[in-house]
Protein chains: 2
Amino acid sequence: MIDKACLCKTIDPHQMEKLVANAPSETEAQRLSDFFKVFGDPTRLKIIYYLSRHELCVADLSSLVGMQQSAVSHQLKVLRMSRLVKTRKDGVTIYYSLDDHHVFTLYELAQQHLKEQS
Amino acid sequence: MIDKACLCKTIDPHQMEKLVANAPSETEAQRLSDFFKVFGDPTRLKIIYYLSRHELCVADLSSLVGMQQSAVSHQLKVLRMSRLVKTRKDGVTIYYSLDDHHVFTLYELAQQHLKEQS
DNA sequence: ACAATATATGAACACATATTCATATAAGGA
DNA sequence: TCCTTATATGAATATGTGTTCATATATTGT
């Protein structure tokens, strides 16, 4: 793998070894990208925003993001599976809230990034 | 929009107004998700990792991530268009490097997140 | 001018993803 | 028990995305 590199003159073989040694493994890269993928949809981002401010039931989220209940349910499943949200049941109503302190940090970092480059 | 909400008893109309007022607009949500989408691919993440350590030419990146030169070029275009990388030309060789201080921060935050929940 | 090399690009294809519609499940009240 | 309401789920569909193959562009050396 390394031997095929064009050896760009700006990097020596020893540095190259180090790069490869610390590189994310295939599964690690897959996991990381799967995590980011969750944030890569406007509807989910809106849901994340709302949940970052207040726990909400599905029906409320549905009207807030302006999308059918079914669509929101499907997206909440994605958020649940990536453990970004948690649920609380009260009778027939299910309240969702954020279940991770990193989530909103990431959201804000990205926001800041976009602000800076505009 | 708000009036259709089921008024979940845990949130009053006044709070609801505030939520909506501060919510990301349609275009803002779109921009944010587009940004995150860039990170949502293992190949691009690997490229980002390598570039976070050292500037590299396309051929090196190609062999490092174990993917055809064409595929890497296509992904580099995505990274260029989202202004995450910059280029330096030396003859016929083009060196890529990261062009944003937020990028690796995001990468590391996500890494930390995955570590914590495992 | 020509050959060789590095990178970029367009078309094609396979695969993933978001939404909708219809319907299932589950809980509460009459 | 039956009806109503909140949420979840499966199938279908349309759209988006990543990779490959073939080829174009551009630069250097002969």
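Distance, B:D60 CG to C:dT7 C1': 13 Å, rounded to whole Å. At whole-Å resolution of the value, CD in B:E55 and P in C:dT7 are 12 Å apart. Counting to the nearest Å, the P atom of D:dG10 and the CD atom of A:Q75 are 16 Å from each other. Taking atom OH of B:Y95 as the reference point, atom C1' of C:dT7 lies 13 Å away to the nearest angstrom. The distance from atom CG of B:L56 to atom C1' of C:dA6 is 15 Å, rounded to the nearest whole Å. Counting to the nearest Å, the P atom of D:dT9 and the CE atom of A:M81 are 10 Å from each other. Between the P atom of D:dG18 and the CG atom of B:L79 lies a distance of 10 Å, rounded to the nearest Å. Protein atom CD1 of A:I47 is 13 Å distant from nucleotide atom P of D:dT7, rounded to whole Å.
Both A:V72 and B:V20 sit in one connected hydrophobic cluster of ILVMFWY residues. Membership requires side-chain heavy atoms under 4.5 Å apart, directly or through other members.
Side chains of B:L51 and B:L61 form a contact here, defined as non-hydrogen atoms less than 4.5 Å apart. Considering only heavy atoms from C-beta on, B:L32 comes within 4.5 Å of A:Q111 through its side chain.
A:Y96 and A:R80 are linked by a side-chain donor-acceptor pair at a separation below 3.5 angstrom, with hydrogens and angles left out of the test.
Distances shown here put a side-chain N or O of A:Y96 below 4.0 Å from the OP1 or OP2 atom of D:dA8.
Shown are B:D100, B:I47, B:L98; of these, the side-chain contact (heavy atoms from CB on, under 4.5 Å) with B:L79 is made only by B:I47.
The residue among B:T87 and A:V78 whose nearest nucleotide of DNA chain C is located toward the 5' end is B:T87.
A:Y107 has its ring centre less than 6.0 Å from the ring centre of A:F104.
Here D:dA8 is the nucleotide among C:dT9, D:dA8, D:dT19 with the atom lying nearest to any side-chain atom of A:S73.
Remark: A:H102 pairs with B:H113 by the ring-ring contact (aromatic ring centres under 6.0 Å, His included) rule, at least two apart or across chains.
Rounding to the nearest 0.5 Å gives a distance of 11.0 Å between OG1 of A:T43 and CG of A:L76.
For A:R31, the CZ atom is loosely surrounded, since the number of other residues' heavy atoms within 6.0 Å does not exceed 12.
Contacts between residues 37-45 of chain A and DNA chain C, counted as heavy-atom distances below 4.0 Å, involve A:K37, A:D41, A:T43, A:R44.
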* Structure fact -> Expected string for nucleotides 20-30 of chain D under the B/S/- scheme (protein heavy atoms, under 4.0 Å, primed atoms plus P, OP1, OP2 as sugar-phosphate) is BBB----SS--
